[in-house]
Amino acid sequence: MATAKTLDDLFLDTLKDIYFAEKQILKALPKMARAAQSEEGKSGFLQHRDETQGQIERLEQVFELLGKPARGKTCEAIQGIIAEGEEIIEEFKESPALDAGLISSAQAVEHYEIARYGTLIEWANQLGLKDAVSLLQANLAEEEATDKKLTQLAKASANAKGKSKAA
């Protein structure tokens with residue numbers, strides 16, 4: 001008879017999921033930066049790439065705390081969100097709405113990450129993994145800050161610019 005899975009197993013499984021997701025995001029951010037039309041968008045995506053590298057390092061520390069190898073588990077959700085972003089890049093290339101679309105894709109990624117980190121923090125608290133909690137909270141805080149920056153960029157320029165007709 002198979003042993004029953006526990007919250008420990010679920011925590012590790014979800015940690016592998018977000019680790020895979022962060023690595024995929026790390027690959028996607030330079031593409032998004034190249035596609036962005038505004039300088040603010042380009043620099044924002046590149047800045048978040050650097051933050052993402054730090055988030056991956058923190059996740060590796062959590063794996064270390066658990067005594068487990070840092071390995072990802074394929075995350076279909078993030079692959080789908082990234083694929084949608086790539087579609088926007090293709091379909092809206094040279095369109096005034098491109099940056100608004102890129103921001104929308106980036107926010108879908110951020111919201112996925114925010115949901116995952118929030119869950120992992122709760123479970124880490126339940127499991128008494130205090131050191132993991134602080135590492136995960138640092139990642140969550142960066143994701144929330146990025147989401148706010150994206151909203152500000154969308155409201156300040158990208159959405160309005162997207163309304164205009166291409167020249």
Side-chain angles (χ1 to χ4, degrees), residues 1-36 41 43-90 100-154:
M1 195 161 102
T3 54
K5 297 273 188 175
T6 66
L7 190 58
D8 289 292
D9 299 314
L10 194 55
F11 180 83
L12 181 60
D13 197 57
T14 305
L15 186 64
K16 289 177 178 181
D17 174 281
I18 194 66
Y19 185 69
F20 176 90
E22 291 290 12
K23 291 210 158 222
Q24 295 303 303
I25 293 160
L26 189 64
K27 289 182 201 169
L29 283 165
K31 294 177 198 168
M32 294 177 82
R34 282 192 300 277
S43 68
F45 289 129
L46 292 175
Q47 178 188 345
H48 194 56
R49 180 199 57 199
D50 296 342
E51 280 182 356
T52 301
Q53 186 59 55
Q55 291 164 0
I56 289 169
E57 289 166 12
R58 282 189 213 105
L59 290 173
E60 289 169 348
Q61 290 174 38
V62 175
F63 279 108
E64 201 173 299
L65 289 169
L66 299 174
K68 302 287 184 188
R71 284 206 193 103
K73 173 186 174 191
T74 301
C75 173
E76 310 253 345
I78 208 66
Q79 288 180 320
I81 293 169
I82 289 171
E84 284 178 2
E86 289 169 353
E87 279 178 35
I88 286 172
I89 290 170
E90 282 304 305
L102 287 171
I103 289 168
S104 137
S105 294
Q107 284 193 293
V109 167
E110 294 309 311
H111 291 190
Y112 179 81
E113 292 173 304
I114 288 166
R116 282 293 187 229
Y117 284 121
T119 297
L120 284 167
I121 289 164
E122 272 308 304
W123 290 345
N125 274 316
Q126 284 289 313
L127 296 168
L129 303 170
K130 288 180 178 51
D131 292 338
V133 169
S134 61
L135 292 164
L136 296 167
Q137 283 175 331
N139 283 9
L140 177 61
E142 287 179 355
E143 302 299 3
E144 290 172 337
T146 297
D147 184 49
K148 284 187 177 112
K149 287 179 201 167
L150 288 165
T151 296
Q152 290 166 351
L153 185 57

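Quantities reported herein were computed from a predicted structural model and do not represent experimental measurements.
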Participant: Looking at every non-hydrogen atom in both residues, tell me the closest pair between Gly41 and Ala36 and how far apart they are.
Facilitator: C-CB, 4.0 Å

Participant: Identify the heavy atoms of Gly101 and Ile88 that sit nearest to each other, and give their distance.
Facilitator: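 Result for this residue pair: O-CD1, 3.6 Å.
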
Participant: Rounded to the nearest 0.5 Å, how far apart are CD1 of Ile81 and SG of Cys75?
Facilitator: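 If I round to the nearest 0.5 Å, the distance is 7.5 Å.
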
Participant: What are the two closest heavy atoms between Tyr19 and Arg71, and how far apart are they?
Facilitator: CD2-C, 3.6 Å

Participant: Are a donor atom and an acceptor atom from the side chains of Thr6 and Asp9 found within less than 3.5 Å of each other?
Facilitator: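 A donor-acceptor contact under 3.5 Å links the two side chains.
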
Participant: As an exercise, state the distance from CD1 of Ile89 to CG of Leu102, rounded to the nearest 0.5 Å.
Facilitator: 5.5 Å

Participant: Quick check on side chain to side chain donor-acceptor pair (under 3.5 Å): which of Thr14, Asp17, Asn139 does Arg116 satisfy it with?
Facilitator: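 Answer after filtering Thr14, Asp17, Asn139: Asp17.
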
Participant: Which heavy-atom pair separates Lys73 from Phe20 by the least distance, and what is that distance?
Facilitator: O-CB, 3.2 Å

Participant: Can any side-chain N or O of Asn125 pair as donor or acceptor with the backbone N or O of Ile121 at less than 3.5 Å?
Facilitator: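 Between the backbone of Ile121 and the side chain of Asn125 there is a qualifying donor-acceptor contact (under 3.5 Å).
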
Participant: Output the distance between atom CG (Leu129) and atom CG (Asp8), rounded to the nearest 0.5 Å.
Facilitator: 7.5 Å

Participant: Please lay out, stage by stage, how Thr151 and Gln107 fare under the test side-chain hydrogen bond (donor to acceptor under 3.5 Å, both in side chains).
Facilitator: CA-CA 8 Å; Thr151 296; Gln107 284 193 293; 2.8 Å; yes

Participant: Pick out which of Glu110, Gln55, Glu142, Lys149 makes a side chain to side chain donor-acceptor pair (under 3.5 Å) with His48.
Facilitator: Glu110

Participant: Could you tell me the separation between the CG atom of Asp131 and the CD atom of Glu64, rounded to the nearest 0.5 Å?
Facilitator: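 Output value for this atom pair is 11.5 Å.
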
Participant: So, for Thr74 and Gln79, which heavy atoms are closest and what is the spacing to 0.1 Å?
Facilitator: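 Reported closest heavy-atom pair: CG2-OE1, 3.5 Å.
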
Participant: Apply side-chain contact (heavy atoms from CB on, under 4.5 Å) to the pair Leu46 and Leu29, showing each step before the final yes or no.
Facilitator: CA-CA 7 Å; Leu46 292 175; Leu29 283 165; over 6 Å; no

Participant: Could you give the distance from CD (Glu60) to CZ (Arg58), rounded to the nearest 0.5 Å?
Facilitator: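 If I round to the nearest 0.5 Å, the distance is 12.0 Å.
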
Participant: Does Ala115 offer a backbone N or O that forms a donor-acceptor pair with the side chain of Thr119 under 3.5 Å?
Facilitator: yes

Participant: Quick check: closest heavy atoms across Leu136 and Ala124, and the distance to 0.1 Å?
Facilitator: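 Closest approach of Leu136 to Ala124: CD1-CB, 4.3 Å.
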
Participant: Return each pair, listed once, that meets ring pair (Phe, Tyr, Trp, His ring centres under 6.0 Å) where at least one residue sits in residues 113-137; pairs must be two or more places apart or across chains.
Facilitator: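 Sorted pair list comes back empty.
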
